[in-house]
Undergrad: 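Dropping a structure here in structure tokens format, bear with me for questions.
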There are 2 protein chains.
Amino acid sequence: MALTKPSEVDVLIVGAGPAGLMLSLWLSRLGIVARIVDKRTDKVFSGQADGFQARTLEILDSFGIGERIWKEANRMFEVSFWNPSPDGRIQCNSRAPDNLVGLSRFTEAVLHQGRMEGFFLDAIAASYPHPATPDHQVEVERMVVPTSLSIDEEKVEDDDAYPLSVTLRHLSEAEAMPTQRLSNLSDGLFRSNLTKDDAAYSIENSNGWGDEREEIVKAKYVVGCDGAHSWTRKILGKDFEMHGEMTDFIWGVLDIVPITDFPKLYLLKSTSVRWTAYQIGQRVGDKFSKSDRVFLAGDAVHTHSPKAGQGMNVSMQDAYNLGWKIGLVCKKIMHRKILSTYELERKQIAKELIAFDHKFSRLFSGRPAKDIMDETGVSMEEFSKAFNMSHMFTSGIGVDYKPSALVAKPPERRVIKSHTEVEADQIAVHDQAQSTLCLATNCKPGMRFPSFQVVAQSDARPWQLHHKMPSDGRFRLVVFSGDISKPTRQTLVNGLGAWLSTDVLPRYPRIELCPGSDPHGGTTKFKSSCHPSVIDVLLIHTAKRADIEILRDLHDVYHPFDTKLGWDYGKVLVDEESYHNGHGRAYEGYGVDPGEGALVIVRPDGYTGLVTCVEEEGWKEVGKWFQGVLRSI
Amino acid sequence: MALTKPSEVDVLIVGAGPAGLMLSLWLSRLGIVARIVDKRTDKVFSGQADGFQARTLEILDSFGIGERIWKEANRMFEVSFWNPSPDGRIQCNSRAPDNLVGLSRFTEAVLHQGRMEGFFLDAIAASYPHPATPDHQVEVERMVVPTSLSIDEEKVEDDDAYPLSVTLRHLSEAEAMPTQRLSNLSDGLFRSNLTKDDAAYSIENSNGWGDEREEIVKAKYVVGCDGAHSWTRKILGKDFEMHGEMTDFIWGVLDIVPITDFPKLYLLKSTSVRWTAYQIGQRVGDKFSKSDRVFLAGDAVHTHSPKAGQGMNVSMQDAYNLGWKIGLVCKKIMHRKILSTYELERKQIAKELIAFDHKFSRLFSGRPAKDIMDETGVSMEEFSKAFNMSHMFTSGIGVDYKPSALVAKPPERRVIKSHTEVEADQIAVHDQAQSTLCLATNCKPGMRFPSFQVVAQSDARPWQLHHKMPSDGRFRLVVFSGDISKPTRQTLVNGLGAWLSTDVLPRYPRIELCPGSDPHGGTTKFKSSCHPSVIDVLLIHTAKRADIEILRDLHDVYHPFDTKLGWDYGKVLVDEESYHNGHGRAYEGYGVDPGEGALVIVRPDGYTGLVTCVEEEGWKEVGKWFQGVLRSI
């Protein structure tokens with residue numbers, strides 16, 4: 001498909017690495033007019049990053065890519081710790097699971113970045129034709145670099161304006177090809193932070209350009225996903241410089257098939273070696289956005305060591321956090337002020353990453369202790385303890401976003417006004433919703449909503465609840481109703497349904513879904529052309545499945561009707577034993593008491609926004625939460 | 001890819017429905033020079049069959065298609081039985097699992113045939129480039145019909161001869177398009193058995209042909225997968241006519257999205273309806289092959305009712321049974337006489353299918369009994385009992401092939417010489433291997449080898465054992481060794497290894513693997529260019545994983561070495577608890593006593609061939625079994 005690229009776009013993305021591709025994927029699914037440019041001639045074919053956190057796999061699975069990676073990747077299950085043995089050799093003296101058991105249905109996995117970039121391109125293409133953008137398709141434009149950016153500050157709060165103006169230069173093949181790469185294919189230094197940015201070099205040293213090779217693009221938003229050498233960051237000026245330190249440690253990274261009978265290590269050979277080297281430093285920018293119109297994501301705002309496989313993951317998760325926010329603001333579904341939560345949420349993660357990496361890379365770079373008396377060396381105990389402590393962090397599951405309009409923490413958290421809280425208050429809505437944590441003890445506002453198996457009321461099929469929550473731009477209201485075969489419970493839940501369908505859902509816009517938006521068939525099978533409410537209601541009950549009949553017992557909101565396709569029977573789920581896959585014990589997993597129940601709002605990125613009760617007091621919190629986030633129609 | 005089609009082929013397949021495509025897939029994976037022709041202009045887009053047995057999904061999974069179907073299909077978990085209620089309405093008064101629990105990791109699933117045919121075409125293409133056929137690729141040639149077939153009977157036992165000669169006629173688009181279809185798109189009768197074969201009609205009524213539209217193809221084998229109107233069957237003459245009966249029942253089949261709130265059934269509407277009708281009859285051919293050179297598969301040799309979703313499954317399984325046999329004979333890996341097992345094994349299944357269908361279709365077609373005194377009606381109890389009894393059959397897991405060189409039944413089974421046994425003896429090798437069933441009570445010779453979870457010795461990854469056994473043309477020797485941390489056990493297993501690597505593996509050919517041959521990465525990751533032994537050895541032990549070190553403790557045969565890629569660490573598996581996926585309890589599942597152990601030969605199609613002991617007496621049986629099947633080099 002080679003449509004003419006528009007010169008007015010909602011979003012211009014600079015850089016088609018993991019962050020840029022993740023952002024493009026979100027925007028393609030939401031039907032946003034976006035362009036993505038990259039200075040390189042092609043995607044990565046080898047080297048670079050390869051480690052996938054469990055959380056990253058969950059995110060990719062929500063777009064339908066997770067299974068492809070999971071199937072091809074080398075999954076990590078076990079870590080072995082080797083120590084010197086008494087006879088002067090080394091021996092394995094302990095083993096541990098590489099991932100905390102029960103944390104996620106995925107474990108850490110390894111697959112080279114180039115392969116994943118290919119999956120991203122497939123998933124972006126699978127979003128089309130998109131009903132919202134019949135004439136536009138997001139495609140990576142290679143060998144294109146921005147050379148100027150101006151911001152019309154007067155228009156930054158105007159929804160309909162294109163306050164950003166960017167000059168794009170289209171490079172020739174020779175200009176886009178780094179010198180190092182031409183001279184030595186086995187050397188990946190041209191992508192390392194040890195060398196000068198080669199694209200900048202190419203442009204500075206080019207023989208001048210004809211006008212026909214430049215174009216001006218007007219944009220509502222620009223996102224710099226352009227790596228450690230970020231052009232976008234530099235053009236934003238001094239305020240955007242990263243702070244931190246460079247160490248003297250330089251790490252080498254090899255792409256090889258090692259032939260070794262480790263532990264003896266007598267043989268390490270390979271037919272083709274490709275290598276690069278990185279100077280280890282931890283730096284993070286102070287500002288992640290300029291006027292909430294120009295954003296930075298990934299290596300453009302934080303750099304660190306390649307160890308522990310965090311870089312690519314955190315970069316993708318930056319973009320995953322930002323994509324739906326920009327998208328829903330462009331669609332006028334969400335208040336523009338929500339964009340400020342990007343910096344609030346992701347700068348904190350970047351800082352935690354830097355702190356973690358600082359500690360971790362020194363452990364890895366440190367000299368192993370000779371014995372227990374060797375105080376300057378790193379002891380096996382110290383190493384192994386740090387390694388185990390790191391699981392929540394390295395899995396990506398530990399992320400806990402600060403309170404904001406999107407994250408209703410309980411009132412107790414706000415008694416002591418720390419620096420963090422003050423910051424959070426700056427963007428807090430006056431009459432903000434509040435969570436009641438004890439109602440769903442494992443659904444923590446600010447953390448990712450976990451997945452457990454539930455069974456479909458209609459056909460007994462077991463589902464991972466995450467598969468009912470794909471990344472399609474919708475918010476989910478999860479109704480933990482308890483036993484709805486009890487009349488009082490059923491009345492309560494149907495009262496909630498009536499309230500939702502009169503006072504909540506009609507207030508807010510509907511959203512166009514595209515072909516790829518439901519990769520697991522969990523929400524909208526055969527319904528890619530329909531425009532559902534931006535709030536998707538899911539009911540999980542604990543009655544006996546045989547005692548409930550959807551149409552007889554439950555309010556319409558739990559089985560929406562479509563004139564062409566009839567009732568949607570897929571929204572009512574049961575926490576019961578499945579025929580073939582055991583019992584998901586979802587209420588236990590989510591920490592919900594079946595006698596109490598709970599209402600949980602899940603954001604489009606899968607993070608918990610609110611936990612409250614199923615009674616009328618809870619409805620008020622739900623109403624307030626959505627008012628703080630969504631624009632009424 | 002549009003390579004010139006060869007006029008000398010190993011195999012010519014007539015018909016590109018489920019049977020023809022399954023056969024093509026096998027032959028593409030094995031690198032056989034084959035052509036497949038079909039009279040239609042395109043694949044099926046809707047209608048036709050849609051039900052997938054659990055066994056069919058296992059088979060498709062062994063080629064890497066199973067997951068695609070599983071993900072898209074409507075999975076069947078539960079059957080509800082509705083009866084008249086006292087108030088004159090109907091009510092659901094019992095529910096049952098649609099599939100026996102524990103039978104397979106798949107359950108019955110429904111997806112329309114056209115979608116699956118697309119997956120087949122993808123999987124065939126994924127087999128290339130094939131090292132065995134660098135200049136050839138199997139591709140469906142549409143609008144092509146055979147018009148003559150001659151057999152040079154003198155050459156039928158000659159391995160290198162092409163004893164078959166077939167004239168192929170290339171149709172024009174109008175000739176390939178059935179009249180009915182042109183006139184009425186919502187009517188699928190042109191594919192029904194109620195109408196005359198339309199392709200024959202087109203040819204008879206065409207205005208004559210230029211010579212340039214015909215070609216002569218010389219073939220070693222021809223397989224008629226050309227449906228109920230089979231041209232291939234007709235040209236083979238009177239001996240190949242099918243026998244059985246036609247009933248007066250005519251069934252209608254609709255392709256619709258019903259809008260109904262069943263059970264009330266007040267509304268059944270749909271925007272587009274496509275329908276067809278079939279006369280219900282059960283017929284089966286006496287002969288499935290002519291001189292083991294021309295074969296018939298699928299509807300070409302057995303027809304029955306569309307109920308119970310058996311037709312497409314049995315057709316594909318015919319071709320699945322035949323494909324590797326023809327392929328390995330063409331490659332001179334297997335004795336030609338093994339081809340006679342196709343009729344032996346599949347005619348029996350066809351007969352069972354006919355008997356089952358006869359009973360089952362009458363139950364479905366019968367009038368429901370009004371009450372308990374209504375003796376001519378079908379009572380709910382009768383129906384429900386028959387339905388439950390049918391599970392083993394309808395899942396496809398119940399298939400039990402007769403004894404032959406490929407299926408070593410225990411000696412006891414041969415005491416009473418039934419008609420069946422005499423037939424089996426005709427193809428039995430004189431000194432045939434014998435099984436000892438009690439050693440692996442759930443690995444029954446002639447039945448499919450089941451799958452349980454085991455854990456990889458090297459990296460703790462859990463595997464479904466089926467994923468270590470893709471359909472790549474190899475036989476598997478599964479060594480249930482018991483606890484190899486015990487010195488006597490380890491010595492025994494390593495003795496077996498030494499014997500295999502000196503007396504067995506070198507006797508038999510190696511086999512070229514192609515890119516698609518290992519869809520789950522279970523056997524040959526990164527090794528698509530290697531040529532392993534046609535016998536793949538897998539070891540499953542019950543020692544503690546931490547007590548075993550592959551290179552230190554086990555004979556080379558359990559960790560084959562490749563000069564480019566090093567040792568293969570993937571052949572040694574453990575029956576132990578995994579970190580995240582529970583305990584597979586494989587020994588229990590396979591019915592093997594860890595104190596005894598067992599050796600099991602699994603055929604390339606996943607059916608058990610031999611069960612014997614790990615001691616030297618067992619080795620002899622293994623040696624005999626392979627001698628009876630494989631050609632020595």
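Note on naming: letters A, B, ... go to the chains in the order of the sequence lines (proteins, then strands), and numbering restarts at 1 for each one.
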Undergrad: Measuring heavy-atom distances to chain B, does N99(A) have an atom under 4.5 Å in its side chain, in its backbone, in both, or in neither?
TA: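 Both parts, backbone and side chain.
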Undergrad: Say you draw a straight line from CZ of R75(B) to CG of D459(A); how long is it, rounded to the nearest 0.5 Å?
TA: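 The CZ atom of R75(B) sits 10.0 Å away from the CG atom of D459(A).
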Undergrad: Between K71(B) and E67(A), is the side-chain contact (heavy atoms from CB on, under 4.5 Å) condition met? List the steps.
TA: CA-CA 11 Å; K71(B) 191 168 168 179; E67(A) 284 169 7; 3.2 Å; yes
Undergrad: Please round to the nearest 0.5 Å and tell me the distance separating atom CG of D98(A) and atom OH of Y579(B).
TA: 9.5 Å
Undergrad: Any idea which of A456(A), P462(A), C92(A), S578(A) has the most non-hydrogen atom pairs under 4.5 angstrom with chain B?
TA: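 Heavy-atom pairs under 4.5 Å are most numerous for P462(A).
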Undergrad: Does E78(B) come within less than 4.0 Å of R545(A), counting only side-chain N to carboxylate O?
TA: yes
Undergrad: If I measure from the heavy atoms of chain B, does A546(A) come under 4.5 Å with its side chain, its backbone, both, or neither?
TA: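 The answer is both parts of A546(A).
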Undergrad: With respect to chain B, which residue among H580(A), M76(A), R95(A) yields the maximal number of heavy-atom pairs within a distance under 4.5 Å?
TA: H580(A)
